[in-house]
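Values below: every heavy atom of this structure, side chains too, minus hydrogens, waters and symmetry copies. Residue numbers begin at 1 in each chain, while the letters A, B, ... track the order of the sequences.
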Number of protein chains: 2
Amino acid sequence: MGTYQTGEGWDALGDPTRRAIVECLAERPRAVGELAELLPISRPAVSQHLKVLKDAGLVEDRAAGTRRVYRLNPAGVAALRDQLDTFWRRALDGFQDVVEEPNEEKS
Amino acid sequence: MGTYQTGEGWDALGDPTRRAIVECLAERPRAVGELAELLPISRPAVSQHLKVLKDAGLVEDRAAGTRRVYRLNPAGVAALRDQLDTFWRRALDGFQDVVEEPNEEKS
DNA sequence: TTCATTGGTAAGTCGTAGCTTACCGTTCGT
DNA sequence: ACGAACGGTAAGCTACGACTTACCAATGAA
């Protein structure tokens, strides 16, 4: 958890295909070939996306015979959720307070 | 809220510079030129990023004289947070349940 | 009205992310 | 041991996104 840069997670979810993969894995764990069948891209492409997601700490993989089963990593997802939560609270803070901002702090 | 595709929000936050802008705006509302001073990019670049963020429903703008003050839109942030929450819950669901997946549903 | 300030838009360049095909390693079945 | 299935990696191509400079519109002050 502390190993991953949270920025990596956002970059990972910035791609529509990777979001689709995450949605598939949210349903249930899947093998690489399985994901490739569900998506309109080749299997190597799926592998590359999974690598990005894994580096970001959003998914985990498990060897099962010749297959490799991927599943969501709740901790990684939670990390992003927490950061988003922070933004949300700060936004609400500045919301009620700032109605007028006539003075500039320039120079 | 219903107007925006949630995917737009993820795409918007997929860029590091836009995440930096969001962080700045989470602190407090800012004008375009203000953001440009804080960031290592030109003012037009900031404008383009703000357009993306606005289309995604993550920020709102308000005219203040010749300036244009941008601030976070809590609703947009909350939308992403909810979606992330859904993924998180589903991930936990499949976590305890799936230990073995011997059968394939292929063909 | 005229000038200065602020910000959005247009046009163009450059880097990189995502995709493909081809190839190789690994694991299981016969 | 041999062959098939599955998946990761390499190399290369293409497209799109982020940034720049230049220009224009709008607002406020003199």
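With sequence neighbours left out, the side-chain contact (heavy atoms from CB on, under 4.5 Å) criterion links V52(A) to A12(A), R18(A). Under the salt bridge (Lys or Arg N to Asp or Glu O under 4.0 Å) criterion, D11(A) pairs with R19(B), not counting sequence neighbours. A31(A) is linked by a side-chain contact (heavy atoms from CB on, under 4.5 Å) to E34(A), R67(A), counting only residues two or more places apart in sequence or in another chain. Considering only residues two or more places apart in sequence or on other chains, W10(B) meets the ring pair (Phe, Tyr, Trp, His ring centres under 6.0 Å) condition with W10(A). By the side-chain contact (heavy atoms from CB on, under 4.5 Å) test, L39(B) is found to be paired with A20(B), I21(B), I41(B), V46(B), residues two or more places apart in sequence or in another chain being considered. For R68(A), the salt bridge (Lys or Arg N to Asp or Glu O under 4.0 Å) criterion is met by D61(A), not counting sequence neighbours. Considering only residues two or more places apart in sequence or on other chains, T86(A) meets the side-chain contact (heavy atoms from CB on, under 4.5 Å) condition with R90(A).
A63(B) comes within contact range of no nucleotide atom at all, as no heavy-atom separation falls under 4.0 Å.
Summary for the helix from dT1(C)-dA30(D) to dT30(C)-dA1(D): the axes at its two ends, each from 5 pairs, differ by 30° when rounded to the nearest 10 degrees.
Following rounding to the nearest Å, H49(B) (NE2) and dG7(C) (C1') show an atom-to-atom distance of 16 Å. The distance from atom CZ of R67(B) to atom C1' of dG8(C) is 17 Å, rounded to the nearest whole Å. For the pair L50(A) CG and dG8(D) C1', the interatomic distance rounds to 11 Å; values are reported in whole Å. D61(A) places its CG atom 14 Å from the P atom of dT27(C), with the value rounded to the nearest Å. The distance between atom NZ of K51(A) and atom C1' of dA17(C), rounded to the nearest whole Å, is 15 Å. The distance from atom CG of L39(B) to atom P of dA18(D) is 14 Å, rounded to the nearest whole Å. dG7(C) atom C1' lies 18 Å from atom CZ of R30(B), rounded to whole Å. Atom P of nucleotide dA25(D) and atom CZ of R68(B) are separated by 17 Å, given to the nearest angstrom.
Checking the phosphate oxygens (OP1, OP2) of dG8(C), a side-chain nitrogen or oxygen of Y70(B) falls inside 4.0 Å.
The shortest distance between side-chain heavy atoms of L58(A) and N73(A) does not fall below 4.5 Å.
The heavy-atom pair separating A91(B) from P74(A) by the smallest distance is CB-CG, 4.1 Å.
For the atom pair L35(B) CG and L50(B) CG, the distance stands at 6.0 Å (nearest 0.5 Å).
Residue pairs meeting the ring pair (Phe, Tyr, Trp, His ring centres under 6.0 Å) criterion with at least one member in residues 48-84 of chain A: none, sequence neighbours excluded. Residue pairs meeting the salt bridge (Lys or Arg N to Asp or Glu O under 4.0 Å) criterion with at least one partner in residues 72-81 of chain B, sequence neighbours excluded, are D85(A)-R81(B).
Using a 4.0 Å cut-off on heavy atoms, none of the residues of residues 9-20 of chain A approach DNA chain D.
Toward the 5′ end of DNA chain C lies the nearest nucleotide of V46(A), the other residue of the pair G65(A) and V46(A) mapping further downstream.
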Which atoms of nucleotides 20-26 of chain C (N or O only) lie under 3.5 Å from a protein N or O atom, and what are those distances?
unit_1  : atom_1 : unit_2 : atom_2 : d
dT20(C) : OP2    : S42(A) : N      : 2.7
dT20(C) : OP2    : S42(A) : OG     : 2.6
dT20(C) : O4     : Q48(A) : NE2    : 3.0

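Checking dG7(C), dG8(D), dG8(C) against the side-chain heavy atoms of S47(B) singles out dG8(C) as nearest.
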